[in-house]
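Working notes for the structure below.
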Protein chains: 2
Amino acid sequence: MFYTVGEMAKLVGVAPSTLRYYDKEGLLPFVERSKGGIRVFKESDYEWLKVIECLKKTGMQLKDIRTFIFMAMEGDSTIGKRLELITNQRKAVLRRIDELQETLATLDFKKWYYETAKAHGTTEVPKNMPYEELPEEFREIRKRLRGI
Amino acid sequence: MFYTVGEMAKLVGVAPSTLRYYDKEGLLPFVERSKGGIRVFKESDYEWLKVIECLKKTGMQLKDIRTFIFMAMEGDSTIGKRLELITNQRKAVLRRIDELQETLATLDFKKWYYETAKAHGTTEVPKNMPYEELPEEFREIRKRLRGI
DNA sequence: TATTGACTTAAAGTCGGGTTTAAGTTGTAC
DNA sequence: GTACAACTTAAACCCGACTTTAAGTCAATA
């Protein structure tokens, strides 16, 4: 079965202009053309687009996804490099999750801060609450955030 | 103690141009000027910049940070709105962490996939590995990823 | 007072990831 | 054979978050 750019865009849930843009950026070297120059997407191209979607979700940049696609098209000789790329991306995602966990702790504190402020009608209450009265989970974080 | 834009930039670890940009975008309504028009940062402004840094880490956009700053400067009457903003941002961070956990699972699978491919010299081995031989933690994910 | 380094502004440039526009072409249906 | 929707391209535009540039000003030191 074959698809036009508009049909395939619907299948993968992006705008046709996005697929044309990816093509222009060299991310779709596998897409063929009709005699008239119109893009003809095959079933297997859908799988490639899923690969792109997956790598994009990891936060990978288009130029790196392009590199990955070219390596994958080259075959087994590039397995080592592909593994390296995936490993690096995995590390980047782990780091990002860590950062966000830190950030979440800060937001939890701020949420408590404003809930307490709201209950008392003033930020003075959470701001000046003595260390002993402060919920335990916020004692450390308030030190870090002093004045914030 | 007072600081110029360059000094304060060093203190908070950003480029002076960044602070000027934030000022232009209205994020620094608290910064005063000398008679000659030069920005004069106070100690307390450092705390505001730390607030901005913190909110930025949560992924909040500059225009929303600006809104937050203005509300915070207005005083206790805006506590409810600030709580709402923080709560929404907290939810956004939770969603983002969830997405990244999903993504991490995919990358773990791909890592195993290429490690196995590397060990055998071909992607055919992990690609066609029978369900029974597949490590348990990857059985579900391979179904979702079939062909990827 | 003159120099010098750091400041000022507006405007333009950069980057990533697209979207929109304009002018023209393809392919299908009648 | 003509109409029409959907395709083609290059180029321009958009967004957020800056950075860079250019031309000019301030303020501390010699």
Side-chain angles (χ1 to χ4, degrees), chain A residues 1-29 31-42 45 48-49 51-69 85 89 92-93 96 99 103, chain B residues 1-29 31-42 45 48-49 51-69 85 89 92-93 96 99 103:
Chain A
M1 206 49 182
F2 299 105
Y3 308 89
T4 66
V5 69
E7 288 159 356
M8 187 51 94
K10 226 169 218 172
L11 275 178
V12 297
V14 302
S17 62
T18 304
L19 291 186
R20 295 197 187 100
Y21 171 67
Y22 286 178
D23 196 8
K24 193 169 56 119
E25 295 299 304
L27 272 78
L28 316 182
V31 172
E32 306 196 32
R33 301 283 185 133
S34 74
K35 288 171 220 159
I38 287 186
R39 288 176 189 87
V40 178
F41 288 79
K42 307 175 291 295
D45 297 347
W48 280 114
L49 293 176
V51 175
I52 292 175
E53 184 192 4
C54 167
L55 294 179
K56 258 183 64 66
K57 269 197 207 154
T58 75
M60 195 183 285
Q61 300 208 130
L62 294 190
K63 64 167 161 23
D64 293 328
I65 295 179
R66 182 183 183 276
T67 303
F68 188 89
I69 299 263
L85 217 154
Q89 203 59 23
V93 169
R96 184 64 188 132
E99 271 176 38
T103 290
Chain B
M1 207 49 183
F2 299 105
Y3 307 90
T4 67
V5 70
E7 288 160 356
M8 187 52 91
K10 225 168 220 173
L11 275 178
V12 297
V14 301
S17 63
T18 304
L19 291 186
R20 293 196 188 101
Y21 170 68
Y22 286 177
D23 197 7
K24 191 168 60 120
E25 295 300 302
L27 272 79
L28 316 181
V31 174
E32 305 194 35
R33 302 283 185 131
S34 74
K35 287 169 221 164
I38 288 186
R39 288 176 189 85
V40 178
F41 288 79
K42 305 175 291 295
D45 297 346
W48 281 113
L49 293 176
V51 174
I52 292 175
E53 184 192 5
C54 168
L55 294 178
K56 259 184 66 64
K57 268 197 210 157
T58 75
M60 193 181 287
Q61 302 205 129
L62 292 190
K63 65 167 160 21
D64 293 329
I65 295 179
R66 182 181 182 277
T67 302
F68 188 89
I69 300 264
L85 217 154
Q89 202 58 26
V93 169
R96 185 61 188 136
E99 272 177 37
T103 290

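A, B, ... follow the sequence lines: proteins, then strands. Residue 1 opens every chain. This one's a predicted model, so the numbers in the text were calculated from it and none came from an experiment.
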Could you state the atom-to-atom distance from [atom1] of [X] to [atom2] of [N] in whole Å?
X       : N      : atom1 : atom2 : answer
A:Lys63 : C:dG17 : NZ    : C1'   : 12 Å
B:Leu55 : D:dA17 : CG    : P     : 13 Å
A:Asp23 : D:dT9  : CG    : C1'   : 12 Å
B:Lys24 : D:dA17 : NZ    : C1'   : 11 Å
B:Phe41 : C:dA6  : CZ    : C1'   : 14 Å
B:Leu19 : C:dA6  : CG    : P     : 16 Å
B:Leu27 : D:dG16 : CG    : P     : 13 Å
B:Tyr3  : C:dA6  : OH    : P     : 18 Å

When you check the phosphate oxygens OP1 and OP2 of [N], does a side-chain N or O of [X] lie under 4.0 Å from one of them?
X       : N      : result
B:Lys56 : D:dC18 : yes
B:Arg33 : C:dT9  : yes
B:Tyr21 : D:dT20 : no
A:Arg39 : C:dT26 : no
A:Thr18 : C:dT19 : yes
B:Arg20 : C:dT8  : yes

Which nucleotide, [options], lies nearest any side-chain atom of [X]?
X       : options               : answer
A:Gln61 : C:dC7, C:dG16, D:dC7  : C:dG16
B:Ala15 : C:dG18, D:dT19, C:dC7 : D:dT19
B:Val5  : C:dT8, C:dG27, D:dA27 : C:dT8

Open item on the list: Could you go through B:Glu25 and B:Arg66, starting from their C-alpha distance and side-chain angles, then the distance that decides it, and tell me whether this counts as salt bridge (Lys or Arg N to Asp or Glu O under 4.0 Å)?
Closed with: CA-CA 8 Å; B:Glu25 295 300 302; B:Arg66 182 181 182 277; over 6 Å; no
Task: 5' priority, DNA chain D, between B:Met60 and B:Gly36 [closest heavy atom] - done: B:Met60
At 4.0 Å (heavy atoms only), tell me whether [X] reaches a base, stays on the sugar-phosphate, or touches nothing.
X       : result
B:Ser17 : base
A:Glu25 : nothing
B:Lys35 : nothing

Report the distance from atom [atom1] of [X] to atom [atom2] of [Y], rounding to the nearest 0.5 Å.
X       : Y       : atom1 : atom2 : answer
A:Asp45 : A:Arg39 : CG    : CZ    : 12.0 Å
A:Leu27 : A:Trp48 : CG    : CH2   : 11.0 Å
B:Leu49 : B:Leu28 : CG    : CG    : 6.0 Å

Task: Sidechain N-carboxylate O distance under 4.0 Å for B:Glu99, B:Arg96 - done: yes
Task: Exercise: identify the closest heavy-atom pair between A:Ile65 and A:Lys56 - done: CD1-CG, 3.6 Å
